[in-house]
Every structure is written in structure tokens, then in C-alpha cells.
Amino acid sequence: MTFPSPKAEAPAQRFQEATAAARTALEQLIAEANEAGWGTEEISVALFEAARFLNEANRKDPDPADDPAISDTPAKEQIGHGELYD
């Protein structure tokens, strides 16, 4: 599925475009879920919860790509200090 790029500059118009594009994408996703055996109600609620979770995660950490990699953490702060276990 390809998500369209925004055409408008104004926030209100961008919101309308995003809403329309998201609705189209969700309708397609729900149809595919229905074909796979999921009910519309259950998949709609699941999508809502997934979107809420992602929104909450984005609010807590808007750009996780900026977070340091685990390997960037000094060895003395890492659990196990790099030892190998059986």
C-alpha cells in the first residue's frame, strides 16, 4: 500500500488530507482483515488500540532513532559486562 504525500501547506487542510488518506488505508486494511477471518468490530478496536499505543509512544519519545544504541553504553553499565554464558 502506498500512502499519498500531502499536497496542502495549511495545517487544517493537511489534517483533512491525512484523515482521508488514513480512512482509505484503514478501509483497505479492514477488508483484508475480514478476508483473513477477523471481524470488523474486533479489528477496528484492535487498530484503535494500536494507534493509541503508537501515539503514546511517540509522545514519550518523538524520535527514537536519536536514542543511543545499546552498544554505545559503556560496558560497566551493561548487564553482564559482555561475558558469555552457557
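None of these values were measured; they are calculated from a predicted model.
Annotation: side chain to side chain contact (heavy atoms under 4.5 Å, CB included) contacts of Asn58 (sequence neighbours excluded): Pro62.
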Quick one, Ile43 with Leu29, criterion side-chain contact (heavy atoms from CB on, under 4.5 Å). Give me CA distance, side-chain angles, the key distance, then yes/no. CA-CA 9 Å; Ile43 201 64; Leu29 187 59; over 6 Å; no
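Counted within 6.0 Å of CD on Glu9, heavy atoms from surrounding residues, nucleotides or ligands total 12 or fewer; the atom is thus considered open. In the displayed structure, Phe53 atom CZ is contacted under 6.0 Å by at most 12 heavy atoms of other residues, nucleotides or ligands.
Scanning both residues, Ser44 and Ile30, for their nearest heavy atoms gives OG-CD1, 3.7 Å. Among all heavy-atom pairs drawn from Phe3 and Ala18, the shortest one is CZ-O, 4.4 Å. Of all heavy-atom pairs between Glu17 and Ser5, the closest is OE1-O, 4.3 Å.
Using a 4.5 Å cut-off between side-chain heavy atoms of Ile, Leu, Val, Met, Phe, Trp and Tyr, with links allowed through other members, Leu26 and Trp38 fall into the same hydrophobic cluster.
Within the structure, every pair that satisfies the salt bridge (charged side-chain N to carboxylate O under 4.0 Å, His left out) test and touches residues 42-59, not counting sequence neighbours, is listed here: Glu49-Arg52, Arg52-Glu56.
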